[in-house]
Amino acid sequence: AQSVTQLGSHVSVSEGALVLLRCNYSSSVPPYLFWYVQYPNQGLQLLLKYTSAATLVKGINGFEAEFKKSETSFHLTKPSAHMSDAAEYFCAVSDLTGGYNKLIFGAGTRLAVHP
Amino acid sequence: NAGVTQTPKFQVLKTGQSMTLQCAQDMNHNSMYWYRQDPGMGLRLIYYSASEGTTDKGEVPNGYNVSRLNKREFSLRLESAAPSQTSVYFCASRQGASDTQYFGPGTRLTVL
C-alpha cells in the first residue's frame with residue numbers, strides 16, 4: 001500500500017522567508033501526487049498536483065513543488081512567505097491498489113508565519 | 001455550483017446515540033469518500049464508494065456504516081456513538097485518480 005511521510009509537524013518561518021515543506025512517498029509505480037491546504041475551520045483545497053507531466057508543478061498562491069523520482073519526494077516551496085500562508089498543509093498520493101481510486105494523506109504540517 | 005455539501009456542521013451526541021451525516025456533490029463524480037480528521041493524524045479514510053451502488057472499507061471503518069444513495073449522495077451513519085468518534089468528518093468526491101478531490105466544509109462531532 002502507498003504511504004506518505006511529511007517531515008515536521010510544525011514549521012515556523014518569518015514573513016518574506018523561504019517556505020519548504022517536505023513530503024516523501026512510497027510507490028513502486030509513478031504516482032499522482034497532491035498538496036492540499038487547510039485554513040482554520042475549513043475543508044481542504046487543492047494547491048497543486050503532479051500527474052506525470054512536468055516535474056516542476058506550479059500551484060496557487062505562489063507555491064510550487066518538484067517531483068523527484070530518485071528521492072521519492074515532492075517537497076512544497078514558496079520563495080517568500082506571507083502571513084496569509086499560515087495554515088495546515090497536507091501531501092497526498094493516489095492509491096490504485098485493488099483497482100480502486102483513493103487518496104492517502106500524510107499527517108500534515110502546520111505552517112506558522114511570524115512578522 | 002455548490003460543490004460538496006455536508007450537513008450538519010456541528011453535532012453533539014451522547015454515548016450510544018445514533019446519527020447520520022449527510023453528503024452531496026453536484027459535480028457528477030463517480031467516487032465519494034468519508035474521512036475523519038484528528039489532531040496529528042492527518043485524514044484517515046473511513047469508507048469510500050468508487051461508483052453508485054458500491055462501497056468499501058477504508059482504514060478506520062469500525063463503528064460506521066455508509067450508504068451510497070445515488071450518484072450524488074453518500075451518507076455516513078454512526079449506530080452507537082462512542083467518545084472515540086469525536087472528530088471532524090469530511091466528505092469528498094472526485095472523478096479519476098489524477099483528478100482533484102473536492103472536500104466539503106466538514107462536520108464537527110462531539111460525543112460525550
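Quick caveat, the model's predicted, so the values are computed rather than measured. Per chain, numbering begins at 1; letters A, B, ... match sequence-line order.
If you chain together hydrophobic residues whose side chains sit under 4.5 Å apart, A:Leu21 and A:Phe67 fall into the same group. Residues A:Phe90 and B:Ile46 fall into different hydrophobic clusters, defined by Ile, Leu, Val, Met, Phe, Trp and Tyr side chains chained together at heavy-atom separations under 4.5 Å. Hydrophobic cluster membership differs between A:Leu47 and A:Leu18, with clusters built from Ile, Leu, Val, Met, Phe, Trp and Tyr side chains linked at under 4.5 angstrom. With hydrophobic clusters built from ILVMFWY side chains whose heavy atoms lie under 4.5 angstrom apart, A:Val19 shares a cluster with A:Leu33. Follow the hydrophobic side-chain contacts under 4.5 Å out from A:Tyr39 and you reach A:Val11 in the same cluster.
Using a 4.5 Å cut-off between heavy atoms, B:Leu43 touches chain A through backbone and side chain atoms alike. For a residue to count as touching a neighbouring chain, one of its non-hydrogen atoms must lie under 4.5 Å from one of that chain's; by this rule A:Thr51 touches chain B with the side chain only. Using a 4.5 Å cut-off between heavy atoms, B:Arg108 contacts chain A through its side chain alone, with no backbone atom that close. At a 4.5 Å heavy-atom cutoff, A:Gln6 makes no contact with chain B through either its backbone or its side chain. In this structure, chain B has heavy atoms under 4.5 Å from both the backbone and the side chain of A:Leu44.
Taken to the nearest 0.5 Å, the OG1 atom of B:Thr100 stands 13.0 Å off from the OH atom of A:Tyr32. One finds the CG atom of B:Leu45 at 9.0 Å from the CZ atom of A:Phe105 (value rounded to the nearest 0.5 Å).
Of all the heavy atoms in B:Gly40 and A:Ala107, the pair that sits closest is O-CB, 3.8 Å. Scanning all heavy atoms of the two residues, the minimum distance from B:Arg94 to A:Phe34 falls at NH1-CZ, 3.6 Å.
Within residues 29-39 of chain B, the residues approaching chain A closer than 4.5 Å by heavy atoms are, in numerical order, B:Ser31, B:Tyr33, B:Tyr35, B:Gln37.
The side-chain heavy atoms of A:Lys102 and B:Asp56, taken from C-beta on, include no pair separated by under 4.5 Å.
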